[in-house]
Amino acid sequence: MNRILLSLIVTTFLGLSLGPSGCGRDEDPLGPPTIHLGEDMCSICSMIISDRRYAGAIVMRRDGRVERLIFDDIGEMVAHDPPTNEAIRWYVHDGTTEQWIPAEAAKFLLSPDLLTPMATGVVAFSTDAAAAEAKRNHGGEVYDFDGIRAARSEE
């Protein structure tokens, strides 16, 4: 009987101590969202997100709650003026690897030759070299995050 009780105590303790990390509670609440291609809709235009290369997200904390805005087109996202918030992070997908990267660290190509979902012609890259290569292939201009926001706000 004592062994059964001890086993129950140990199992309960291990479940409590290991449970939170297994449930993802250690994840950054302001980290990039998961986008389900072909299912999730752009927070602004309601278009179905179908191409990860051009998708972006704004994740912010407002009134103690985390809010995620997802976009089918990076150009649409960078032109968005989010409401006042307590914390904010901007994310874009790398146009080559399709991995999330912080927008502030990205290089953006703005080119009329790029066929993006909302026809903004904006794609992001995690390296200067990838952005330069895309510029050679498509023309246009390369910007940092502040530059692309300024360029898109002028349109």
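Nothing fancy with the numbering, it's 1 onward along the sequence.
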Do [X] and [Y] make a side-chain contact, defined as non-hydrogen atoms from C-beta onward lying under 4.5 Å apart?
{"X": "Arg89", "Y": "Ile58", "value": "no"}
{"X": "Cys45", "Y": "Met118", "value": "yes"}
{"X": "Val66", "Y": "Met60", "value": "no"}

Within this structure, what is the [atom1]-[atom2] distance for the pair [X] and [Y], rounded to the nearest 0.5 Å?
{"X": "Glu86", "Y": "Arg61", "atom1": "CD", "atom2": "CZ", "result": "7.0 Å"}
{"X": "Ile74", "Y": "Leu110", "atom1": "CD1", "atom2": "CG", "result": "11.5 Å"}
{"X": "Asp128", "Y": "Glu133", "atom1": "CG", "atom2": "CD", "result": "13.5 Å"}
{"X": "Asp94", "Y": "Thr96", "atom1": "CG", "atom2": "OG1", "result": "5.0 Å"}
{"X": "Ile44", "Y": "Asp73", "atom1": "CD1", "atom2": "CG", "result": "12.0 Å"}

Assigning hydrophobic clusters by single linkage (Ile, Leu, Val, Met, Phe, Trp, Tyr; side-chain heavy-atom cutoff under 4.5 Å), is [X] placed with [Y]?
{"X": "Val59", "Y": "Val92", "answer": "no"}
{"X": "Tyr91", "Y": "Leu37", "answer": "yes"}
{"X": "Leu69", "Y": "Trp90", "answer": "yes"}
{"X": "Met77", "Y": "Ile35", "answer": "no"}
{"X": "Ile88", "Y": "Ile70", "answer": "no"}

Partners meeting salt bridge (Lys or Arg N to Asp or Glu O under 4.0 Å) with Arg62 (sequence neighbours left out):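 So Arg62 forms a salt bridge (Lys or Arg N to Asp or Glu O under 4.0 Å) with Glu67.
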Arg149: salt bridge (Lys or Arg N to Asp or Glu O under 4.0 Å) partners, not counting sequence neighbours: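 Not a single residue meets the salt bridge (Lys or Arg N to Asp or Glu O under 4.0 Å) criterion with Arg149.
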Which heavy atom of [X] sits nearest to which heavy atom of [Y], and what is that distance?
{"X": "Pro33", "Y": "Arg68", "value": "CB-CD, 3.8 Å"}
{"X": "Ala150", "Y": "Ser153", "value": "O-OG, 2.9 Å"}
{"X": "Ile49", "Y": "Ala55", "value": "CG2-CB, 4.1 Å"}
{"X": "Glu76", "Y": "Cys42", "value": "OE1-SG, 3.1 Å"}
{"X": "Ser46", "Y": "Met41", "value": "O-SD, 3.4 Å"}
{"X": "Ile101", "Y": "Ala106", "value": "CD1-CB, 3.7 Å"}

Tell me whether [X] contacts the main-chain N or O of [Y] through its side chain, where contact means a donor paired with an acceptor under 3.5 Å.
{"X": "Asp63", "Y": "Arg65", "answer": "no"}
{"X": "Thr116", "Y": "Gly121", "answer": "yes"}
{"X": "Asp40", "Y": "Gly38", "answer": "no"}

Listed once per pair and sorted, the side chain to side chain donor-acceptor pair (under 3.5 Å) pairs that draw on residues 98-115, sequence neighbours left out: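 Listed by first then second residue: nothing to list.
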Residues that, via side-chain heavy atoms closer than 4.5 angstrom, fall in one hydrophobic cluster with Val123: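 Noted: Val123 shares its cluster with Tyr54, Leu109, Leu114, Phe125, Val142.
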Leu30 atom CG, over 12 foreign heavy atoms within 6.0 Å: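 Atom CG in Leu30 is crowded, with more than 12 foreign heavy atoms closer than 6.0 Å.
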Chi angles and distances behind the side chain to side chain contact (heavy atoms under 4.5 Å, CB included) call for Glu39, Ile48: CA-CA 6 Å; Glu39 295 176 24; Ile48 297 287; over 6 Å; no
Partners passing side-chain hydrogen bond (donor to acceptor under 3.5 Å, both in side chains) against Asp72 (at least two apart in sequence or in another chain):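 Asp72: no side-chain hydrogen bond (donor to acceptor under 3.5 Å, both in side chains) contacts found.
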Arg53/Asp51 under salt bridge (Lys or Arg N to Asp or Glu O under 4.0 Å): CA gap, chis, key distance, verdict: CA-CA 6 Å; Arg53 294 173 300 168; Asp51 194 333; 2.6 Å; yes
Set of residues satisfying ring pair (Phe, Tyr, Trp, His ring centres under 6.0 Å) with respect to Tyr143, sequence neighbours excluded: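 Per chain and number, Tyr143 pairs via ring pair (Phe, Tyr, Trp, His ring centres under 6.0 Å) with no residue.
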